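Everything on this sheet refers to the single structure shown next.
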Amino acid sequence: MFKRLLYVLATLIAAIFVFQWLTAASFEFDSPSTTEALSEKYTQILIKSHDGTTIGLTLYQPQLAAGENAPLILHTNGFGGTRAARPLSLYGQLMLSGTSSIAAWHRGYWMISFDQRGVGESGDEIHLMDPDFEVKDFSAVIDWAIANIPRISKDDSGDAIIGAVGESYGGGSAVNASLRDPRIDAIVPLTTWWDLSDAFGANRHVKSAWGGTLGLLGTFSSGFDFGMAIEPEYLALFNGYMNDKVDADMDRRSPMTYCAQGMSIQADALFIQGFKDTLFPLNQGLNNRACALTGGKDVRFVGIQDGHKLWPIQPWSGLPIFNTQETIVCDGQVFDTQTMILDWLDEKLKGITPSQEIPKLCLTFSDDSGRNLEQVTYGGESFVIPSTIFHLTPSGLLEGLLDPLDSLMDRISPLAEQPALQTTGGSIRPAFVPLYQASTPMDLLGVPLIDVNFTSTESEHDGVGYLALGVRKAGKRHIEILSDQYLPLPGDGLYQQEFPAVSFQLHTGDEVGVVLQGFTWQYLANSEGLLSSGTVAGHVALPLIAPRTLSEGLSTQSF
């Protein structure tokens, strides 16, 4: 099944690449008139970057009255894709960063969509957002735009007014460029990273399903010119463990490294990050937010539900690799997601007050429910995890079949009574250790903290266990994994750290607990300990919040 999915993805990517290549239009670039009225059009252009590498871009010229100027928006592709070379394209029609950038063009912005180095019409090979290559390319595009588009709006100091929108790899481009280039005034990074090494390998344990998928995407989109993917240290990631060489490479490509050195994101920022994003969890965006706040910028943050979702491993909710919510609800106020992005750009680049004030911090529970907060809760009430034994590799291996059966049985024959706080599973099924049963409705919203000790009976290799947080609703068998997130515990030791952020509205009788297993499809090739068992004991601090106090401002707690 997994091989078939990869084949379908590879075929789709190749078809898109060939379609865009065959239908690309090439025009000679003429600098826009400085005085005449301009009509909407888009032009394919090749420029030279800082090191002479060709960068392919599309310049979208807005409709402007005679003598009128407009701000500039930069957009670039996510990993495995190519630019929005025309409105009728993958980005122009399906991806939020692209549709928003095209919509900004129609609102009267100059817009440039460019191919990242190594893909599409841009030369060289993929360097995976290297500060000396892709990040400098971003500034090179700005250099070209300022030199060749005389009708970009300027601020009081005479600097061009520039914004940027991008998701994932493209969002990382905007964040990393803003750390270095003060000419960028406003950014909208969608579901991007803070610490690339931790995102790919939490606790130095690599997400092999994501690694394989992105390796294929990069290989096909670059025309088999993704040299890093076949370096020995990168190929070694498929043994399940991060190595020092790749760890250091990814640190160079992470905002975390530069923010720790005192640098800051220099643009006003609207961060949009997903709870159920299993590649770049919400915590990654929260850390980028904190870095931007140290620079005194206007920073807004919206926690949506989706993002990078690896279908069929995760439940279907839209596009198979990357999906975003069309609407966002914050304390009953409904926002169209694309309109929110455009209003943010209008406010920051044109000085237009939005009709709906964009929240400082909004975390959603679903597509139609969410809360405005003063701050994010880290930790909270601490609960004891009793010493719990579970089998390693077998537990969780069959959940793709057994968990849907639980849901079916819940519909056919709901449980008349569920014994409170009763541990279940641990052999073929994951162990579920309930810790808290809601006596009244509560919101589970924030970043849990764990303090657990893991040991295993595996002798030849380090045993690997996976820890998740789950909810068993009153009278149900099915256990919902919160935010679709699993934290690997690779090898005996003490783990004191953040768990990926969670959002869930608990009803009376619902139980929150720890899920322990030895296999998860998110770490497809990484399980160890076929005939071994693992033991977990410790504490978890849960961000439980009474619903009526959510908007009052909350203090953070630890153990």
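On a predicted model such as this, the values are computed, not experimentally measured, just so you know.
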TODO: Go through the structure and list residues passing ring pair (Phe, Tyr, Trp, His ring centres under 6.0 Å) with Trp344, not counting sequence neighbours.
DONE: none
TODO: With sequence neighbours left out, write down each residue that passes side chain to side chain contact (heavy atoms under 4.5 Å, CB included) with Lys207, or none if nothing qualifies.
DONE: Trp210, Pro281, Tyr523
- [ ] Over 60° means perpendicular and under 30° means parallel, so classify the ring planes of His127 and Phe133, tilted if in between.
- [x] parallel
Closest approach of [X] to [Y] (non-hydrogen atoms, all atoms of both residues):
X      : Y      : answer
Lys309 : Lys276 : CG-O, 3.8 Å
Met256 : Asp251 : CE-OD1, 3.6 Å
Thr82  : Tyr91  : O-CD1, 3.1 Å
Ile162 : Leu349 : O-CD2, 3.8 Å

Open item on the list: Would you say CD of Gln338 has more than 12 non-hydrogen atoms from neighbouring residues, nucleotides or ligands within 6.0 angstrom?
Closed with: yes
Open item on the list: Taking the cut-offs as 6.0 angstrom to the six-membered ring centre and 45 degrees off its axis, would you call Arg180 and Phe138 a cation-pi pair?
Closed with: no
Task: Thr191-Glu167 side chain donor-acceptor pair, cut-off 3.5 Å - done: no
Open item on the list: Name the residue from Tyr109, Phe114, Tyr42 that meets the ring pair (Phe, Tyr, Trp, His ring centres under 6.0 Å) definition with Tyr60.
Closed with: Tyr42
Open item on the list: Ser197 vs Asp195, test: side chain to side chain donor-acceptor pair (under 3.5 Å). Steps then yes/no.
Closed with: CA-CA 6 Å; Ser197 179; Asp195 179 350; 4.8 Å; no
TODO: Check Asp185, Asp343, Asp298 against Lys348 for a side chain to side chain donor-acceptor pair (under 3.5 Å) and give me the one that passes.
DONE: Asp298
Open item on the list: Can you tell whether the side chains of Arg83 and Asp115 come within less than 4.0 Å, N to carboxylate O?
Closed with: yes
Task: Approximate separation, where rounding is to 0.5 Å, of Leu310 CG and Trp521 CH2 - done: 11.5 Å
